[in-house]
Amino acid sequence: MDLVKPYQQKFIDHKICVIIPTYNNATTLKKVIDDVLEYTDNVIVVNDGSTDGTSDILALYKDIKQVNYRNNVGKGWALRKGFEFAIEQGFDQAITIDSDGQHFAKDLPQFIEKLENIGTSLIIGARNMDQDSVPGKSSFGNKFSNFWFWVETGIKAPDTQSGYRLYPLTQLKEIKFFSRKFEFEIEVIVRAAWKGIKIESVPVQVYYAPDGERVSHFRPFTDFSKISVLNTILVIITFVYINPRNFFFGIFKRSTYSSLKNQIFNPYESNLLTASSVAFGVFMGIVPIWGFQLVIAIFLAILLRLNKALVIISANISIPPMIPVIVFLSYKMGHIWVGESFTSLIFTEKITLETIHLNFMQYVYGSITLAVMAAVFFGSIVYVLLTFFKKKKIRIDNE
């Protein structure tokens with residue numbers, strides 16, 4: 001107990017509470033509460049409409065704070081209600097621990113120490129998912145979730161499904177969440193990362209009871225489907241809004257000429273990478289996906305680790321003054337593929353995107369051909385010029 005006392009004060013100093021969401025876990029709830037009380041009295045139990053003996057157990061604890069409501073809604077809703085109540089009570093941080101006995105209260109100090117070392121963060125208790133007692137479906141689900149979290153945020157986390165977490169309540173209170181079930185635990189960490197909150201992890205122990213003993217309310221088909229739908233929405237938002245926003249904010253946050261110049265002409269990039277970035281940008285600027293060119297170009301540039309500034313600049317080959325030229329040349333290139341069914345087009349400044357309806361397939365085939373040829377041409381020119389000028393610079397430096 002003497003080792004525990006310092007942490008009791010730290011819970012007070014850092015304004016941290018422990019939230020225990022529970023639904024029909026009467027067989028394990030009392031031990032979880034008792035174990036947590038050894039570390040802190042700042043405990044909030046959220047009873048998510050339990051119908052077993054949970055109310056009788058909670059009646060034994062007159063001094064801990066409780067949130068009760070009649071109908072079961074879901075874990076996400078219980079956490080949201082717990083967060084709201086904790087903020088009302090003056091807490092700045094909340095550690096959430098499951099009531100099914102899977103987590104150990106003795107790991108609570110890990111979160112406190114991590115918080116003190118790195119500052120305000122959302123800290124996830126990373127379980128050892130390789131141990132023999134972990135069900136195969138849980139291990140697979142965790143890897144699946146980790147992958148999509150990386151796609152949506154660019155952050156690699158070892159365990160995005162763990163419910164043992166420290167949440168920075170004051171940073172999260174302005175976010176309007178919409179999920180209510182298990183998928184909330186995905187939504188909250190993704191949107192926290194989007195908000196700029198650091199996502200960190202600490203190792204924690206985990207206990208999986210044998211089959212027949214552990215009470216789980218996770219419905220594999222229904223809840224996995226909801227998580228998949230949520231990830232689909234989050235991925236779309238990532239590609240359409242978050243990644244472009246982060247890129248442009250990254251430029252203007254350091255909006256000096258020298259920083260922009262360094263992003264465009266990065267001295268640490270190879271000639272091939274620079275030329276490939278230009279070529280890819282030109283290709284995306286011409287390929288027939290009008291309206292989505294820049295968004296897709298930025299996403300793929302990030303995925304392929306190209307020079308994003310060069311990709312965006314090169315993609316602007318399709319600026320309005322160039323549209324007549326691109327459409328005209330696309331039709332000429334398309335003549336090669338459609339044969340006798342081609343549409344003859346005379347070059348004029350009145351050529352617009354509406355001209356495309358004349359022979360859509362001729363335009364599509366031609367624009368892809370033009371995009372490839374222009375990408376190869378401009379990429380080759382850039383590569384040759386870079387090679388020439390770098391050799392010249394080396395020769396001058398050696399003289």
Could you check whether Asn146 and Thr160, counting side-chain N and O atoms only, form a donor-acceptor pair closer than 3.5 Å? yes
Would Ser99 and Asn25 count as a side chain to side chain donor-acceptor pair (under 3.5 Å) here? Give the steps. CA-CA 6 Å; Ser99 63; Asn25 280 123; 3.2 Å; yes
Residue pair Pro203 / Gln110: nearest heavy atoms and the distance that separates them: O-NE2, 3.1 Å
Dump the intermediate steps for side chain to side chain donor-acceptor pair (under 3.5 Å) on Gln161 and Arg127, then the final yes or no. CA-CA 9 Å; Gln161 289 193 318; Arg127 304 161 293 175; 4.8 Å; no
Between Ser179 and Glu187: side-chain donor-acceptor atoms closer than 3.5 Å: yes
Any link between Ile118 and Ile112 through a network of hydrophobic side chains (Ile, Leu, Val, Met, Phe, Trp, Tyr) touching at under 4.5 Å? no
Do Glu38 and Tyr7 have side-chain N/O donor and acceptor atoms under 3.5 Å apart? no
Using 30° and 60° as the class limits, which term best fits the ring planes of Trp150 and Phe147: parallel, tilted or perpendicular? tilted
Looking at Lys195 and Glu174, is any side-chain nitrogen of the basic one under 4.0 Å from a carboxylate oxygen of the acidic one? no
Got Ile97 and Val18 here, is their nearest side-chain heavy-atom distance under 4.5 Å? yes
Checking Tyr167 against Phe83 for the ring-ring contact (aromatic ring centres under 6.0 Å, His included) test, could you report, in this order, the C-alpha distance in whole Å, the side-chain angles of both residues, the deciding distance, and whether it holds? CA-CA 9 Å; Tyr167 290 98; Phe83 292 170; 4.8 Å; yes
Worked check of side chain to side chain donor-acceptor pair (under 3.5 Å) between Ser228 and Asn231: CA-CA 5 Å; Ser228 298; Asn231 276 318; 5.8 Å; no
May I ask you to check whether Trp194 and Thr153 show a side-chain donor-acceptor distance below 3.5 Å? no
For the residue pair Leu172 and Ala192, what are the closest heavy atoms and their distance? CD2-CB, 3.9 Å
Asp13 vs Gln9, side chain to side chain donor-acceptor pair (under 3.5 Å): CA-CA, chis, key distance, verdict: CA-CA 6 Å; Asp13 294 341; Gln9 185 59 45; 2.8 Å; yes
Under 3.5 Å side-chain donor-acceptor pair for Asn24 and Thr51: yes
Which pair of heavy atoms, one from Val46 and one from Gly82, lies closest together, and at what distance? CG2-CA, 3.8 Å
Under 3.5 Å side-chain donor-acceptor pair for Gln205 and His103: no
Between the side chains of Lys81 and Asp48, is the shortest nitrogen-to-carboxylate-oxygen separation below 4.0 Å, so that they form an ion pair? no
Tyr164 and Phe104: aromatic ring centres closer than 6.0 Å? no
Looking only at heavy atoms, what is the nearest atom pair of Pro158 and Asn142, with distance? O-ND2, 3.4 Å
How are the rings of Phe177 and Phe184 set to each other: parallel, tilted or perpendicular (split at 30° and 60°)? perpendicular
In this structure, would Leu304 and Leu272 fall into the same cluster of hydrophobic residues linked by side-chain contacts under 4.5 Å? no
Under the 4.5 Å side-chain heavy-atom rule for ILVMFWY, direct or indirect, which residues accompany Val384? none
Just how far is it from atom CD1 of Ile124 to atom CZ of Phe149, taken to the nearest 0.5 Å? 6.0 Å
List the atom of Phe85, the atom of Lys65, and the distance in Å for their closest heavy-atom pair. CE2-CB, 3.7 Å
Of all the heavy-atom pairs spanning Ile95 and Phe11, show the shortest one and how long it is. CD1-CE2, 4.1 Å
